[in-house]
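We count ligands from 1, going down the list as the structure has it; atoms in each ligand are counted the same way. Just so you know, these numbers use all the heavy atoms, side chains as well, and skip hydrogens, waters and symmetry mates.
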Amino acid sequence: MAKQNVSEQFVDILVRAGVKRLYGVVGDSLNPVVDAVRRHSEVEWIQVRHEETAAFAAGAEAQITGTLAACAGSCGPGNLHLINGLYDAHRSMAPVLALASHIPSSEIGLGYFQATHPELLFQECSHYNEMISNPQQMPRLLQTAIQHAIGRGGVSVVSMPGDIASQPAPEKSIEHALVTSRPTVRPGDEEIDKLCAMIDKAKRVTLFCGSGTAGAHAEVMEFAERVKAPVGHALRGKEWIQYDNPYDVGMSGLLGYGAAYEATHECDLLILLGTDFPYNAFLPSDVKIVQVDVRPEHLGRRSKLDLAVWGDVRETLRCLTPRVKVKTDRKFLDRMLKKHADALEGVVKAYTRKVEKHVPIHPEYVASVLDEIADEDAVFTVDTGMCNVWAARYLTPNGRRRVIGSFSHGSMANALPQAIGAQFTDRNRQVVSMSGDGGFTMLMGDFLTLVQYDLPVKVVLFNNSSLGMVELEMLVAGLPSFGTTNKNPDFASIARAAGAYGVRVEKPKQLEGALKDAFKHKGPALVDVVTDPNALSIPPKISADMVTGFALSASKIVLDGGVGRMLQMARSNLRNVPRP
Ligand SMILES: Cc1ncc(C[n+]2csc(CCOP(=O)(O)OP(=O)(O)O)c2C)c(N)n1
Ligand SMILES: [Mg+2]
């Protein structure tokens with residue numbers, strides 16, 4: 001092989017690790033790497049308009065494929081723009097390699113043009129964050145970075161001064177087989193024995209599931225059946241666990257519904273499965289709690305634990321299920337299933353507005369129509385804000401659909417960039433960005449990326465001309481709303497002017513047709529739905545002293561609203577429950 005420079009070697013190694021594309025914006029010190037990408041047949045340069053988009057897109061790609069994705073920013077401000085998207089990817093445990101190109105190595109520490117210190121800046125949002133200051137560090141440094149990102153699940157940042165990027169790569173470099181997938185982590189026999197004994201002793205077991213139950217649907221159901229346990233979930237567990245689940249008692253937390261709260265509080269043993277659910281106000285303090293997590297550092301940081309089990313959920317359950325005694329008493333399970341169905345029934349009855357006629361259009365109506373007409377394997381990306389509420393309540397998971405949001409980091413403007421990353425993994429899959437008007441306009445420049453690459457993403461804009469979620473927070477805290485109104489243009493015209501399909505919807509009866517037409521369109525499309533800013537009813541029990549700062553999350557308040565197709569599911573689960 002002809003002698004390589006550091007950039008060429010860098011790109012080669014990324015390709016060996018399975019990277020298909022690098023998202024970013026070109027510039028100065030990054031140019032040698034981008035040039036190496038240009039000359040490589042197996043990797044594509046994806047030119048975005050803002051580096052934050054690059055990081056969000058790479059994070060979404062990694063969450064869809066489970067394999068390494070990559071992004072890059074030029075020195076100083078270029079890579080600084082990556083940071084928020086990297087925080088999101090890191091906190092979602094998405095394996096992402098970020099290249100932060102850097103000022104010339106001779107000028108570091110001398111106040112040079114565009115000088116920053118990436119190895120300080122990215123410290124908190126990465127497992128590994130190191131600089132290549134000598135070509136001899138290659139390829140080991142990049143290999144180590146990749147293994148951190150994949151092995152520990154999250155972000156690695158490599159910074160590289162532009163002058164190093166063009167230097168010859170080391171002649172006899174140590175290249176080794178890369179780690180490209182994670183092992184299964186099986187808990188020790190002692191932990192399994194202890195857990196087994198606790199379960200056998202307990203009378204009422206409840207499971208509470210998070211994103212760590214991905215890929216473990218069958219194992220969770222088998223275990224729940226064996227010990228007759230109701231199964232609740234956190235938002236990040238919903239897409240993996242709610243479907244085909246005869247033990248479903250709904251979701252806990254601020255956006256929660258159903259009987260998850262009761263089931264987690266009225267059991268005598270609560271088993272937390274792969275969840276880092278942050279709101280400890282929703283977790284009980286007076287029942288025995290076991291937590292199973294692949295990340296030992298997550299164990300016990302949300303609640304007191306009677307047993308901490310370090311292991312994959314799937315692997316742990318595989319070891320555990322055959323060893324626990326079969327429970328025959330369904331009383332607790334049936335009582336919780338009944339409570340769940342009743343709670344949902346109550347919500348639906350309380351929900352009297354005729355949404356199909358309501359103008360401005362009710363956002364819940366938009367979400368329910370979307371759920372009905374979207375493909376069975378659609379990817380939904382969901383903006384932080386009220387779209388989170390609508391997605392949590394109305395999107396029906398089925399094991400094939402995916403729902404990606406900024407559920408741990410909670411950043412606005414995530415949906416469009418994540419949709420870009422999701423769509424690149426498969427141009428034939430339906431990808432729907434549920435965007436807020438605030439979130440969309442924050443990174444609106446990257447709507448042009450859809451047009452530039454003819455990506456068929458469908459942006460469904462919940463346009464309430466307001467920062468709705470914050471307006472709600474202010475209301476709850478007894479503050480007058482302030483700084484929350486958006487003076488918005490006709491976004492459909494903007495979409496059309498950009499070369500995409502664009503339609504504005506102001507009447508409910510236009511909605512379904514407009515969405516269907518947009519979904520049929522082959523290229524990028526935007527449906528600007530003018531929605532009601534006063535969409536949520538707030539439960540009357542909220543008082544101002546319950547709320548300070550991050551008001552909603554600090555309390556046990558659950559927002560009221562519809563529950564979509566969940567009622568049907570809850571009713572069907574009741575079929576086997578004997579009538580009292
Ligand atoms: C980057 C960022 N800035 C600010 C916030 C605080 N915040 C959370 S939701 C929200 C409003 C979102 O407005 P929009 O996208 O229009 O959605 P809506 O709630 O109106 O549906 C704000 C300002 C945040 N989470 N992230
Ligand atoms: Mg809004």
*Considering only heavy atoms from C-beta outward, does the side chain of Leu68 approach that of Pro95 to under 4.5 Å?*
yes
*Got a salt bridge between Arg21 and Glu61, using NZ or NE/NH1/NH2 to carboxylate O under 4.0 Å?*
yes
*Steps toward ring pair (Phe, Tyr, Trp, His ring centres under 6.0 Å) verdict (His90, His127)*: CA-CA 8 Å; His90 191 55; His127 291 303; 4.4 Å; yes
*Would you check if the Mg ion (ligand 2) lies under 2.8 Å from any N, O or S atom of Ser466?*
yes
Enumerate the pairs of nitrogen or oxygen atoms, one from ligand 1 and one from the protein, separated by less than 3.5 angstrom; state names and distance to 0.1 Å.
from, atom 1, to, atom 2, distance (Å)
ligand 1, 15 (O), Gly438, N, 3.3
ligand 1, 15 (O), Gly439, N, 2.8
ligand 1, 16 (O), Asp437, N, 3.4
ligand 1, 16 (O), Asp437, OD1, 2.8
ligand 1, 16 (O), Gly438, N, 2.8
ligand 1, 16 (O), Ser466, O, 2.9
ligand 1, 19 (O), Met386, N, 3.0
ligand 1, 19 (O), Gly468, N, 3.4
ligand 1, 19 (O), Met469, N, 2.9
ligand 1, 20 (O), Asn464, OD1, 3.2
ligand 1, 20 (O), Asn464, ND2, 3.0
ligand 1, 20 (O), Ser466, O, 2.8
ligand 1, 20 (O), Gly468, N, 2.7
ligand 1, 21 (O), Met386, N, 3.4
ligand 1, 25 (N), Gly410, O, 2.9
ligand 1, 26 (N), Met412, N, 3.2

*For the Mg ion (ligand 2), the closest N/O/S atom belonging to Asp437*: OD1
*asked:* side chain to side chain contact (heavy atoms under 4.5 Å, CB included), that's the test. Do Phe447 and Ile494 meet it? Break it down for me.
replied: CA-CA 10 Å; Phe447 185 74; Ile494 291 185; 5.9 Å; no
_Any side-chain heavy-atom pair of Gln47 and Tyr453 under 4.5 Å_ = yes
*Answer yes when Glu239 and Arg401 have at least one side-chain N-carboxylate O distance shorter than 4.0 Å, and no when they do not.*
no
_N/O/S atom of Asn464 inside 2.8 Å of the Mg ion (ligand 2), strictly under_ = yes
*Determine, for Asp375 against Arg400, whether the closest basic-nitrogen to carboxylate-oxygen distance falls under 4.0 angstrom.*
no
